[in-house]
Amino acid sequence: MVKHAQLGFEGSFIFYLVLVLSFLVISTRCQDAEVMGILKIMINAPISFQWTNPDVCKWRHVTCDSSKRVTAIQIGSQNLQGSLPKELVKLTSLERFECQFNSLTGPFPYLSKSLQKLVIHDNKFSFIPNDFFKGMSHLQEVRIDDNPFSQWHIHDTLRDCVALHTFSAQSVGLVGTIPNFFGKDGPFPGLVLLALSDNFLEGALPTSLSDSSIENLLVNGQNSLSKLNGTLVVLQNMKSLRQIWANGNSFTGPIPDLSHHDQLSDVNLRDNQLTGVVPPSLISLPSLKFVNLTNNFLQGSSPIFKYGVGVDNSMDKGKNQYCTDVPGQPCSPLVNSLLSIVEPMGYPLKFAQNWQGDDPCANKWTGIICSGGNISVINFQNMGLSGTICPCFAKFTSVTKLLLANNGFIGTIPNELTSLPLLQELDVSNNHLYGKVPLFRKDVVLKLAGNPDIGKDKPTSSSFIDNGSNHNTAIIIGIVVVAVIILISGVLILVKFKRKWEHERKTQNPPVIMVPSRRYGDGTTSALLSPMGSVYQVEDHNMLISVQVLRNVTNNFSEKNILGKGGFGTVYKGELHDGTKIAVKRMQSAGLVDEKGLSEFTAEIAVLTKVRHINLVSLLGFCLDGSERLLVYEHMPQGALSKHLINWKSEGLKPLEWKTRLGIALDVARGVEYLHGLAQQIFIHRDLKPSNILLGDDMRAKVSDFGLVRLAPEGKTSFQTKLAGTFGYMAPEYAATGRLTTKVDVYSFGVILMEMITGRKALDDNQPEENVHLVTWFRKMLLNKNSFQTTIDPTIEVDAETLVNINIVAELAGHCCAREPYQRPDMSHVVNVLSPLVEVWKPSETNVDDIYGIDYDMTLPEALQRWKDFEGSSTTLELTSPSSSVLLNGNNTKSST
Ligand SMILES: *[C@@H]1O[C@H](CO)[C@@H](O)[C@H](O)[C@H]1NC(C)=O
Ligand SMILES: *[C@@H]1O[C@H](CO)[C@@H](O)[C@H](O)[C@H]1NC(C)=O
Ligand SMILES: *[C@@H]1O[C@H](CO)[C@@H](O)[C@H](O)[C@H]1NC(C)=O
Ligand SMILES: *[C@@H]1O[C@H](CO)[C@@H](O)[C@H](O)[C@H]1NC(C)=O
Ligand SMILES: *[C@@H]1O[C@H](CO)[C@@H](O)[C@H](O)[C@H]1NC(C)=O
Ligand SMILES: *[C@@H]1O[C@H](CO)[C@@H](O)[C@H](O)[C@H]1NC(C)=O
């Protein structure tokens with residue numbers, strides 16, 4: 001038509017043009033009406049919308065431009081159900097689409113490229129096209145949060161949205177990494193809000209964020225296995241930040257310098273693995289309003305924030321390793337010096353997890369060996385460290401040996417080290433050091449081998465590639481170890497299958513299969529696959545220990561060393577040469593490797609190598625040798641709670657005071673809370689009871705016995721298992737159906753609280769029939785406030801204040817033992833109820849974390865190594881088992897991949 005017009009005279013051309021344009025306008029306008037008609041039907045538009053007028057521009061919640069094209073649909077918060085028609089894309093003038101807070105389902109349709117604002121959060125859309133954002137160069141605001149989209153990535157086509165100001169996509173099933181284009185030099189120079197919380201993202205914060213104009217960065221709570229990781233160093237250059245929520249991830253390294261962040265007011269970094277000293281620049285941020293640092297591994301002095309700042313840090317520091325519990329109190333000079341030497345190494349997690357308290361000598365810090373209260377040896381060999389060697393090592397004037405071999409140190413050997421007056425040996429072999437070797441005294445033994453560039457002015461790049469004969473031997477050792485482990489697993493599979501096949505003919509249960517599984521950086525792992533898909537992996541073979549050593553330290557498993565016996569086997573007391581006390585659990589071995597015992601053994605190792613908490617008994621090592629299966633724990637001198645609570649008379653003990661009971665309850669609650677959610681996965685203990693709660697000399701408690709622990713399959717909070725546990729403590733729904741949730745532990749905890757209040761056993765056969773079951777009886781008594789007092793353990797001295805306390809705890813116990821799992825509180829609620837009670841009782845609770853003399857973050861081999869170092873390297877340990885002895889030397893297996 002147009003072609004024809006061009007050929008004809010001008011008037012005709014204009015006539016035709018007008019005709020064509022008006023036809024287009026009318027047809028698109030009609031089309032808008034048609035699309036709106038379909039929308040009206042599909043969302044079942046309520047009468048209140050008054051979507052009846054033939055002119056859609058008169059409809060409520062709909063806006064048109066002067067040419068009667070629909071430009072905005074704003075139907076948020078209208079209780080809408082139904083779905084959106086794919087015809088919406090035909091509204092080619094649409095600039096705003098808002099349907100937030102409804103229950104709309106189905107896929108979200110493509111929309112016109114004219115779109116400027118998209119607000120669809122809090123619906124039930126199942127899907128958004130990956131290339132939805134393609135060509136949307138006018139789009140400024142995107143709020144799509146809280147929709148159950150199936151997994152999707154942030155697609156590269158988002159780059160087309162050059163006008164983007166706000167991108168909020170929290171809890172929308174995003175997977176993959178955060179793309180490296182959010183930032184100043186990226187496509188969206190005007191981006192101020194980036195919210196990606198509660199997705200399944202992983203990997204690091206992209207470097208493009210550096211120097212961006214982003215003011216609100218919310219990336220908290222990723223649900224992927226590895227979460228967001230890496231350091232927070234990009235934040236240092238994000239000077240426009242007002243709000244940063246990075247909590248609930250796996251970020252490591254120190255909190256960066258924030259001294260240029262004048263507007264930053266809300267900082268939530270809790271539940272990560274951050275290390276190092278809280279930077280003064282954070283403490284003195286001028287606009288700071290809220291800060292949350294709980295549950296990291298932060299070190300140094302506990303920070304004190306200025307008045308008016310909401311702090312969730314000092315109340316419950318979680319895993320943080322501040323040198324004292326008193327905010328603002330400086331650390332000892334020794335601690336400060338040690339922190340300054342690990343600063344150039346990026347504050348390694350290994351140290352941050354272990355270095356507790358304000359006295360490195362008394363607390364036996366990893367890598368630090370003292371003599372007479374002065375540091376005599378610094379042994380950082382084989383620790384996978386990187387960074388530079390701090391000149392500040394020179395401050396440790398009492399050091400005789402400085403051992404830094406087999407790491408990844410770069411840079412030069414600082415001249416300052418020559419001033420160490422007592423230095424006898426400096427071992428920096430197998431690093432990546434270069435430069436001139438400073439002039440040490442003649443009698444200092446220098447070990448420099450394995451640094452290809454030492455003596456040269458500059459490092460050559462090839463020296464960073466591992467290429468030494470030491471590594472080759474390590475690889476060979478690694479391969480041998482791997483082979484042995486695979487062989488053992490193979491034999492186990494055979495034994496298991498044989499038994500299973502026999503077993504299966506009688507029962508219909510699916511088999512439990514033990515398989516050699518993926519290889520990790522530190523050697524192989526073996527995995528137990530249960531039918532429910534929970535996978536246990538033993539990742540830390542540094543913890544293998546030979547049966548000979550254990551035989552030696554327990555006096556050949558002497559009767560005299562027995563601490564306790566149970567269905568699982570026998571626990572022996574042992575003492576290392578340096579006096580460290582350990583407990584060795586020797587599993588019952590009924591001839592051949594029996595399956596139940598083996599799976600409990602593996603489960604316990606798998607759990608305990610993953611979880612570390614002050615209120616969980618820690619595993620120092622283990623041994624699997626023939627039919628011998630041994631677990632080595634820290635020794636808990638006061639034994640099980642059951643001894644003190646129920647059998648105190650026959651054990652010759654004093655009954656527990658109420659405040660001690662409260663403290664124990666809080667400790668247990670914290671340990672279980674950690675298992676349930678604060679660890680990286682959800683663990684369910686399944687067998688909480690007083691005999692599995694162990695006490696230290698200070699009567700602080702730790703949860704033990706992880707043989708029945710189940711790992712919740714990822715993304716699931718409830719699943720079915722074979723029944724295991726102890727009668728009297730088992731939640732009714734679990735006993736009846738085998739359905740397992742964290743609330744099963746909450747129930748058992750409630751029973752323990754009832755036992756603490758009443759001093760009675762969970763099942764007490766000495767009682768009349770109707771009172772045998774403690775929970776039933778207790779709940780009955782709880783209904784009657786007057787008679788309730790008679791249930792209180794007569795050994796508790798009850799004054800008015802105690803009574804108030806007991807009532808609170810009794811309510812809590814009843815709540816925990818509610819019949820329906822959803823009626824029971826979470827463990828975090830339990831902690832919140834108990835902690836104020838305990839705080840009242842124990843105002844001056846200092847150095848909670850290092851009360852136990854034992855260094856529970858140290859593996860047994862580390863302990864042995866330390867003892868060895870201390871004695872001098874001439875004494876060698878007799879370790880004859882070929883498979884385990886090679887593993888005792890730290891990370892030898894590292895290079896086996
Ligand atoms: C971060 O997680 C990814 C997996 O998502 C992993 O490959 C990478 O090694 C991790 N990085 C660090 C520094 O832990
Ligand atoms: C700290 O974090 C918790 C949970 O993440 C939150 O409930 C609390 O309000 C935060 N506290 C402050 C002061 O921001
Ligand atoms: C420890 O150091 C202090 C001061 O440097 C010194 O007085 C003391 O003798 C040292 N102790 C030992 C056992 O070397
Ligand atoms: C590895 O070492 C050998 C000598 O031991 C050398 O010839 C070779 O170039 C080295 N390879 C690399 C990648 O550095
Ligand atoms: C343990 O080993 C030491 C030295 O290696 C030896 O003297 C001691 O007798 C051994 N003890 C037992 C019970 O075997
Ligand atoms: C250790 O005990 C076993 C039997 O339990 C015995 O055969 C062995 O000789 C004992 N070893 C030592 C060194 O006493």
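Hydrogens, waters and symmetry mates play no part in the numbers below; they use all other heavy atoms, side chains included. Both ligands and their constituent atoms are indexed starting at 1 by order of listing.
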Query raised in the report: For atom 11 (N) of ligand 1, is some protein heavy-atom partner under 4.0 Å away?
Result: yes

Query raised in the report: Short check: is a protein heavy atom less than 4.0 Å from atom 7 (O) of ligand 1?
Result: no

Report task. Specify the protein heavy atom at minimum distance from atom 5 (O) of ligand 1: its residue, its atom name, and the distance to 0.1 Å. Result -> Ser226 OG, 2.9 Å

Query - Closest protein heavy atom to atom 2 (O) of ligand 1, given as residue, atom name and distance to 0.1 Å - result: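 So the nearest neighbour among protein heavy atoms is Asn229 ND2, 2.3 Å.
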
Query raised in the report: Glu202 heavy atoms, cut-off 4.0 Å: which ligand 1 atoms fall inside?
Result: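 It comes down to these atoms of ligand 1: 5 (O).
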
Report task. Verify whether one side chain among Ser168 and Asp145 offers a donor that lies under 3.5 Å from an acceptor in the other. Result -> yes

Query raised in the report: How long is the gap from CG on Leu232 to CG on Asn249, to the nearest 0.5 Å?
Result: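 If I round to the nearest 0.5 Å, the distance is 9.0 Å.
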
Report task. Could you tell me if the ring centre of Phe188 sits under 6.0 Å from that of Phe167? Result ->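 No, the ring of Phe188 stays outside the 6.0 Å limit from the ring of Phe167, centre to centre.
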
Query raised in the report: Are any of the side-chain heavy atoms of Asn229 and Lys227 separated by less than 4.5 Å?
Result: no

Requested in this report: Show your working on side chain to side chain contact (heavy atoms under 4.5 Å, CB included) between Leu217 and Leu241 and close with a plain yes or no.
Outcome: CA-CA 7 Å; Leu217 179 68; Leu241 279 176; 3.9 Å; yes

